[in-house]
Amino acid sequence: APSLTPQENAPHLGRPADPQVLARQRLNVFPDGSGLPTGRGTVAEGGALYARHCAACHGRDARGGSAEELAGAVRPLNDPDADRTIGSYWPHATTLFDFIRRAKPMGAPGTLSADEVYALCAWLLHANGVVPADAVMDAQSLPAVRMPNRDGFIRIEAD
Amino acid sequence: APSLTPQENAPHLGRPADPQVLARQRLNVFPDGSGLPTGRGTVAEGGALYARHCAACHGRDARGGSAEELAGAVRPLNDPDADRTIGSYWPHATTLFDFIRRAKPMGAPGTLSADEVYALCAWLLHANGVVPADAVMDAQSLPAVRMPNRDGFIRIEAD
Amino acid sequence: VLATATAAAHTASATPDDDLPWLHEPGAPFTPYGQPSPHERLTARRIGANRAVPGNGVSFTPLEELEGIITPNGLHFERHHNGVPQIDPARHTLTLHGRVKQPLVFDVKSLLRYPMRSQLLFIECGGNSNAGWHQSPIQRPAGSVHGLISCAEWTGVPLSVLLDEAGVEPDARWVIAEGADAGAMNMSIPLAKMREDCLIGLYQNGERLRPEQGYPMRLIVPGWEGVLHVKWLQRLELSAQPVMSRNETAKYTELLPSGKARQFTFTMDCKSLITSPSHGQSLKQPDIYQVSGLAWSGHGRIRRVEVSADGGRSWADAALDGPVLPRCLTRFRIPWRWNGQPAVLKSRAIDERGNRQPERAALVAERGRAGYFHYNGIVAWAIDDDGRVSHTY
Amino acid sequence: VLATATAAAHTASATPDDDLPWLHEPGAPFTPYGQPSPHERLTARRIGANRAVPGNGVSFTPLEELEGIITPNGLHFERHHNGVPQIDPARHTLTLHGRVKQPLVFDVKSLLRYPMRSQLLFIECGGNSNAGWHQSPIQRPAGSVHGLISCAEWTGVPLSVLLDEAGVEPDARWVIAEGADAGAMNMSIPLAKMREDCLIGLYQNGERLRPEQGYPMRLIVPGWEGVLHVKWLQRLELSAQPVMSRNETAKYTELLPSGKARQFTFTMDCKSLITSPSHGQSLKQPDIYQVSGLAWSGHGRIRRVEVSADGGRSWADAALDGPVLPRCLTRFRIPWRWNGQPAVLKSRAIDERGNRQPERAALVAERGRAGYFHYNGIVAWAIDDDGRVSHTY
Ligand SMILES: [Ca+2]
Ligand SMILES: [Ca+2]
Ligand SMILES: [Ca+2]
Ligand SMILES: [Ca+2]
Ligand SMILES: [Ca+2]
Ligand SMILES: [Ca+2]
Ligand SMILES: [Co+2]
Ligand SMILES: [Co+2]
């Protein structure tokens, strides 16, 4: 039965992706900065955005709200009740941009501009003492930020 | 672990059945007449009951209604479009009592008295030419009725 | 507190038309019991009910819309004689009496305390595919012709446990099972089969039985025809003889050309059908298509399924999706290159006992066309040169 | 025409109080899609949602109410970050790009044309049973503590087929999967695993995926933690490095007493729990009880389950309900005679690779109590001398 179990068993129904659409829709931001859009944001600008979009759930100074503690870690990571904030636990600053752009604010995710996300990254990193008050985050400076807990992870099932 | 996988693995939670309740609830009627209640019914009484409870769906003379043909077989069983009525196909008269008592009428099953069911059996058997017009059906006469297709069945997976 | 911000228009990347709204607004909250997507509401049971008696008839599992071997509970086929009784489990009992040493009554709570077993099994109505006896092939989707079969993981108490508790008299040979529906349907089942592998079914794909499938308890009779799996089970009477109920004499018996009729034809025979491509679907252009279908046998496991694309002139072995289980649906698959020309697709199954699914012509030759029940002939789909699929013989 | 006769009172047998109304009136008619009995509405998912973000949280499968190994679709557990997107399948696409020769976009209709495979698999959230880390045992029903696990027959397209169509660049090592939920959750998965046995899941227990489980398509990553089975899948980007998303750095990593954290802990470890008897139930009197539970391992098949009724001093082998399948729930059963005295019931599993389910103390000693995820310690139920069952350590 030649027509049954043909040489190839799958059709080829994938349409070539349009590069513009790919570029517009791509949200992934990698630790080496790949995927970061052009744009910039300052700590001050971030502070205002944070107050407007985030403080309601995360607390005025990024802790003590109904949602996750984002800054102000007190207990170290080897304490049974360790504080796992952005500053004390996150290994990569680029993760902040990747997550905030796609997931925030909760009521209208993915509606912040690149500048606004850079600014929020700047403010949150500053609130965690990782960058100074005059820091400006952009496609070059954000991936260059060295997070305190950069080497705090042990890969178990992937090298 | 003595208490695990005990000698017996099932509890005994069946309650002994009350003989009165058993007798009242039992509907099964067997070809030898076992299960038939006391009572009697005539062809005439059955005719009136049939007209009132059954004709609406089975047709005035037990054929031609929206529901199954109950009598008036024309085409024999070896005809591709054979008529399978009570008279031409059913092997046991007791099945009529068993079925009508539990299942009829469709709008209020199980609400006919023993006398009424005996009467309906009488009329239906008469309508099929199996018993004469003056027949009286009861616990003795019904099982004694010899159905025309009594030996028309070949048991395939049970002896 | 959830600030449902007026979603500020994307400043940088103005919202292009391919932007999906659900990416930018919170989704639906959690629910206690989920339902299918509204976009799938066409995947439903097709109903064939008696106009005068709305609860008398069938509803078919839409086999052509499903994949794998499990039938989701909401789509399990129905065959009722007078509707689905709305039973309060607290008032329902199972009475075991007749040729027993001690007649017993079990309530639902007690039965849930007994040893149980789970088993993936199909239930097929004896009347499934009966349109196959018609002179000309019926032009309806696969499920609407062959959909009186479903497959679930059934969990329940082995009959043998309850029979031992009551004590069976030596002359007992049959068990008359009776349901608590409006018509208290009763069926005779050989005691040997009940002891061997039958269950008092209590769970269906993990949850308690559904009302349409016999809640709060039903009989499970592995591999045997659907009517024997008595729903809403309320009585088991042991006896030396079968009761010869209406559904094992007037119905569920098969007239032969000779005028004699087969009776007590319990086991569902070896059978298969292609669910995709199937009637009503269409192949847009010459390409590779995945032929997918179901095979089963009441006698045990499926050993092999072959598929033909040229009306039976040549055949190729389909792959069987594991695990291949006894008396259970088995999914078979084989890729097929359609060249745009008319074709006829067929499948045929063989079970572990060597039983083979017959061609329709052979089945009709052996049994005539008046039998109504137990149709397991090979099912064929014709593809015309525009790719339209229809039912053929 | 249905003559709803005024049901003449039973003349002969006056209607005794044990007469059941549903025996004497037509039942409910056929329906296109069935629902559970109203008498079973307490068998539902228990919801644990964030007050400020109603779509953020979990809903638990009520394991103690179920039997067998299949989770009915309506009770499959939920874990969402911002609700369930109501996706129109006609507007949903899957984009495969990054380190590929030809980036491709597939729509749902096209994917349904590809070769598929069915497989019975559990999906367990990495955070399942996390209350086990608490100092004192949480007093909630089994499903409300350990119910972030469900089991279904998943049917879908092997990733390898799509990867071959796009052509994978030699330096690709990872695939970043992204969902179309409100937060476009993204996770990094090793390319080798994706090629080996991952599916684009399209069917769940025979019907199309449910919205809460990722309709119209999701990732199926056999044996690996739930967050990796990305729901509402819309994008697969191949890359040389993991993206280090929030859910594989800030979350789904496990702090150790040393202050270091385990990362990329993919496989769900060998685990089991008794679902009956379990917390909240009570044994009315000394008698034989059926101990029933579930065992599973992300590493493959369960080889053995032992049960103890004396808090681990002595153990006996439970029977495993066949078929025992790899990376799938397995039902175990063992009858137990309770003598009315206090007792502690436990189960422990071993998988085909020799992995053993640890005692809680050993797990805490090895991992500390701040890890939150991957809790697979032995689960113990205490029976007091009034037969009341509660959670214990
Ligand atoms: Ca089994
Ligand atoms: Ca039969
Ligand atoms: Ca053509
Ligand atoms: Ca499989
Ligand atoms: Ca993990
Ligand atoms: Ca006591
Ligand atoms: Co957008
Ligand atoms: Co009554």
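Each chain gets a letter, A, B and so on, in the order the sequences are listed, and its residues count up from 1. Keep in mind that what you see is a predicted model, and the values were worked out from it rather than measured.
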- Query: For A:E8, is it the side chain, the backbone, both or neither that has a heavy atom under 4.5 Å from a heavy atom of chain C?
  - Reply: both
- Item | C:H391 ring center within less than 6.0 Å of C:H146 ring center | yes
- Note on the structure: Across all chains, not counting sequence neighbours, the ring pair (Phe, Tyr, Trp, His ring centres under 6.0 Å) partners of A:Y50 are A:W123
- Taking A:D138 for the side chain and A:R40 for the main chain, is one N or O donor matched with an acceptor at less than 3.5 Å? no
- Message: Strictly below 4.0 Å, N to O, side chains only: are C:R353 and C:D351 in salt-bridge contact?
- Response: no
- If you check every heavy atom in residues 10-18 of chain A against those of chain C, which residues fall under 4.5 Å? A:A10, A:P11, A:L13
- Got a donor-acceptor contact below 3.5 angstrom from the C:Q357 side chain to the C:G377 backbone? yes
- Query: Can the ring centres of A:F30 and A:F97 be said to be less than 6.0 Å apart?
  - Reply: no
